[in-house]
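Have a look at the structure below before the remarks.
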Amino acid sequence: MNKCDNKRTGSSPTAAIVVAGALLAIMLSSCTESGGVVSLDEHQLFSLKYGNFEDQLNLFSLANPAPVQTSLAMRDGFFYIANGEARKVLELNSYGDLLSIYYNSEGNPIPSFAEGTDSDTVSSTRKAVEYPFNALGPIAADSRKYIYVVDQLPPERHEQDVENRLLLSQIVLRFASDGTFIDYIGQRGPGGMPFPYIRDIYTTSNSELVVVCQANDGMVVYWYDKTGYLRSTIPFKVDQLPNPLAEESLQDVYLSLENIVPSYTEEKLFVKVDYYTSSVDTASNVESGIDYDTTLLYPIDINTGVYEEPLTIPAHEQEVTEGFSRLVYKLAYDFLGVTDSGWLFFYLADESGYSIQMIQENGERGLHRHLDVDHAATLYSTLSLSPEGIISMLQATENEARVLWWRTDSLIDAILKG
């Protein structure tokens with residue numbers, strides 16, 4: 001078991017971090033035209049109707065205040081949708097053709113192409129796999145076209161982690177490319193103890209599974225080899241994270257562990273930490289609130305637990321004008337993912353869609369782009385990043401669910417070749 005050692009951070013001095021962040025901000029601001037950020041071209045690939053049939057999504061529980069449990073992943077041009085509300089998984093190509101369906105027969109009709117026993121009437125190009133899903137979560141696929149999807153065990157199989165005050169109820173199901181159910185992954189590997197709440201799952205270039213879980217005091221990352229056996233367990237406690245700002249700041253510094261994403265090609269994790277400082281009212285000399293200060297991204301080797309030099313992630317600046325007053329607020333981006341070429345993607349919802357930052361892992365280059373999305377027409381949406389750098393979205397509107405993508409992979413290729 002590897003543990004993160006806060007005493008061996010190797011963090012650069014705060015001044016160096018600020019300078020690096022300033023240089024990167026200049027590069028990001030250079031990617032604009034006529035004072036505005038360039039918008040990426042949107043491509044709507046296909047849409048799905050709402051309903052219970054095999055090629056439809058059940059999102060009728062959007063009227064329910066509970067969180068939507070439908071997620072999206074894209075790999076090699078194939079889309080994987082875990083429709084938690086219907087307890088089914090769909091595999092589709094980029095034209096929207098249904099290739100496979102994994103479904104709970106309670107609440108889902110038998111797919112039309114799987115009915116009957118006459119081989120002439122059964123499609124040889126589509127699979128229908130029955131599985132007793134309970135409550136689906138995030139989904140992923142690897143280079144072998146294995147499907148990984150988070151599910152919840154029945155209540156009688158839940159466990160309690162008394163020491164850490166956690167409910168252990170989730171597992172990761174594995175299906176082979178031919179639709180065969182392989183097993184489920186728990187904390188210690190196949191058939192192991194269930195996980196606490198799973199924030200997300202990822203696969204690497206070696207078809208290894210990475211599970212990121214939420215804990216009361218931070219996060220825990222589980223890294224498995226391609227056979228499903230546990231390689232590393234890495235806990236991240238907020239009070240043990242690097243805090244270089246505390247060395248020079250006169251105010252109190254607060255940390256927020258926003259996300260952890262694995263590298264696609266290396267045995268490392270990227271740990272995104274947002275830093276906030278207390279603000280003091282000058283008249284009364286009393287703390288009046290907490291202001292966002294900066295974001296640092298720490299690479300960490302999963303084999304040694306040692307933090308590498310952090311990268312400063314420039315903030316999004318939002319301007320607010322009231323009368324003759326003009327205020328600029330800094331907002332932290334969310335961490336979307338990492339590509340196979342080492343580009344780090346960050347996003348932030350704005351009035352007209354999403355602001356996107358793309359930064360090379362070494363910090364040498366950065367791009368700032370925009371996704372134009374009509375939030376007013378969107379009931380629910382979820383984003384996904386492919387290893388090549390394609391951003392995909394499942395967008396639920398009033399009448400249908402749309403699948404879109406934005407091709408940043410060609411932009412990255414042009415930069416690497418240039």
Side-chain angles (χ1 to χ4, degrees), residues 1-4 71 73 75 80 82 89 102 129 131-237 259-271 300-305 338 387:
M1 178 182 295
N2 297 321
K3 297 185 69 175
C4 301
S71 58
R75 182 69 183 258
Y80 304 87
V89 171
Y102 303 76
V129 179
Y131 188 86
F133 297 118
N134 291 304
L136 294 176
I139 190 169
D142 66 21
S143 59
R144 301 169 295 182
K145 295 191 70 175
Y146 281 26
I147 295 175
Y148 304 79
V149 62
V150 174
D151 198 11
Q152 184 168 288
L153 290 171
E156 62 271 16
R157 296 179 60 188
H158 293 182
E159 300 183 29
Q160 295 284 341
D161 181 345
V162 178
E163 180 181 354
N164 296 300
R165 297 176 292 110
L166 293 171
L167 173 66
L168 309 178
S169 63
Q170 292 189 307
I171 54 176
V172 180
L173 306 175
R174 293 200 298 174
F175 295 88
S177 58
D178 63 358
T180 303
F181 173 70
I182 303 173
D183 55 20
Y184 77 79
I185 303 297
Q187 288 188 38
R188 298 188 179 93
M193 178 178 13
F195 296 99
Y197 176 75
I198 298 176
R199 289 174 55 98
D200 215 337
I201 57 175
Y202 304 87
T203 58
T204 71
S205 59
N206 294 326
S207 296
E208 296 187 324
L209 173 69
V210 181
V211 181
V212 181
C213 293
Q214 185 69 52
N216 290 320
D217 54 0
M219 298 183 195
V220 183
V221 177
Y222 302 86
W223 194 303
Y224 302 87
D225 67 19
K226 64 191 305 180
T227 67
Y229 285 90
L230 181 66
R231 290 189 55 193
S232 300
T233 300
I234 312 104
F236 293 86
K237 296 185 178 182
N259 202 1
I260 301 174
V261 176
S263 168
Y264 184 70
T265 57
E266 301 178 83
E267 296 179 344
K268 68 169 59 176
L269 297 165
F270 293 96
V271 183
I300 181 171
D301 188 309
I302 69 164
N303 298 303
T304 64
V338 185

Minimum side-chain heavy-atom gap Ile201-Val212 below 4.5 Å: no

Point-to-point distance, once rounded to the nearest 0.5 Å, from CD1 of Ile260 to CD of Gln214: 9.0 Å

Lys226 NZ to Ser143 OG distance, which is reported to the nearest 0.5 Å: 6.5 Å

Spacing of Thr204 atom OG1 and Trp223 atom CH2 [to the nearest 0.5 Å]: 6.0 Å

Within-4.5 Å side-chain heavy-atom neighbours: Cys213 and Pro196: yes

Ile198 and Val211, any side-chain heavy atoms less than 4.5 Å apart: yes

Over 12 foreign heavy atoms within 6.0 Å of NZ, Lys268: yes

4.5 Å side-chain heavy-atom contact, Met193 and Leu168: yes

Separation between CG of Leu136 and CG of Asp151, rounded to the nearest 0.5 Å: 5.0 Å

Asp225 side chain vs Tyr229 backbone, donor-acceptor pair below 3.5 Å: yes

Side-chain (Tyr222) to main-chain (Phe195) donor-acceptor, under 3.5 angstrom: no

Geometric class of the Phe181/Tyr131 ring pair [parallel <30°, tilted 30-60°, perpendicular >60°]: tilted

Verdict with supporting geometry, Val172 and Tyr224, side chain to side chain contact (heavy atoms under 4.5 Å, CB included): CA-CA 12 Å; Val172 180; Tyr224 302 87; over 6 Å; no

Sidechain-backbone polar pair: Ser263 side chain, Glu267 backbone, donor-acceptor under 3.5 Å: no

Point-to-point distance, once rounded to the nearest 0.5 Å, from CG of Asn134 to CD of Gln170: 11.0 Å

N-O pairing of Asp183 and Arg174 below 4.0 Å: yes

Expected output: side-chain His158 to main-chain Leu153 donor-acceptor under 3.5 Å: yes

Backbone N/O of Leu166 and side chain of Asp161: donor-acceptor pair under 3.5 Å: no

4.5 Å side-chain heavy-atom contact, Asn164 and Asn216: no

Under 3.5 Å donor-acceptor, Ser71 side chain and Gly137 backbone: yes

Asp217 side chain vs Lys237 backbone, donor-acceptor pair below 3.5 Å: no

Heavy-atom neighbours of Glu163 CD exceed 12 at 6.0 Å: no

Candidate pair Asn303 and Arg231, rule side chain to side chain contact (heavy atoms under 4.5 Å, CB included), full reasoning: CA-CA 9 Å; Asn303 298 303; Arg231 290 189 55 193; 3.7 Å; yes

Beyond-backbone contact of Phe175 with Val149, side-chain heavy atoms, under 4.5 angstrom: yes

Sidechain-backbone polar pair: Thr203 side chain, Ala141 backbone, donor-acceptor under 3.5 Å: yes

Any side-chain heavy-atom pair of Tyr146 and Ser207 under 4.5 Å: no

CZ/Arg188: more than 12 non-hydrogen atoms of other groups inside 6.0 Å: no

Exam field: side chain Gln187 to backbone Pro194, donor-acceptor pair closer than 3.5 Å: yes

Any side-chain heavy-atom pair of Arg75 and Pro387 under 4.5 Å: yes

Shortest non-hydrogen contact between Leu230 and Ser232, atoms and distance: CD1-O, 3.4 Å

Pair Ile185-Ile171, side chain to side chain contact (heavy atoms under 4.5 Å, CB included): steps then yes or no: CA-CA 6 Å; Ile185 303 297; Ile171 54 176; over 6 Å; no

Matching residue for Leu269 among Ile234, Val261, Val338 - test: side chain to side chain contact (heavy atoms under 4.5 Å, CB included): Ile234

CA sep, side-chain torsions, deciding dist, call: Ser177, Arg144, side chain to side chain contact (heavy atoms under 4.5 Å, CB included): CA-CA 7 Å; Ser177 58; Arg144 301 169 295 182; 6.0 Å; no

From Tyr264 atom OH to Asn206 atom CG, the distance as rounded to the nearest 0.5 Å: 8.5 Å

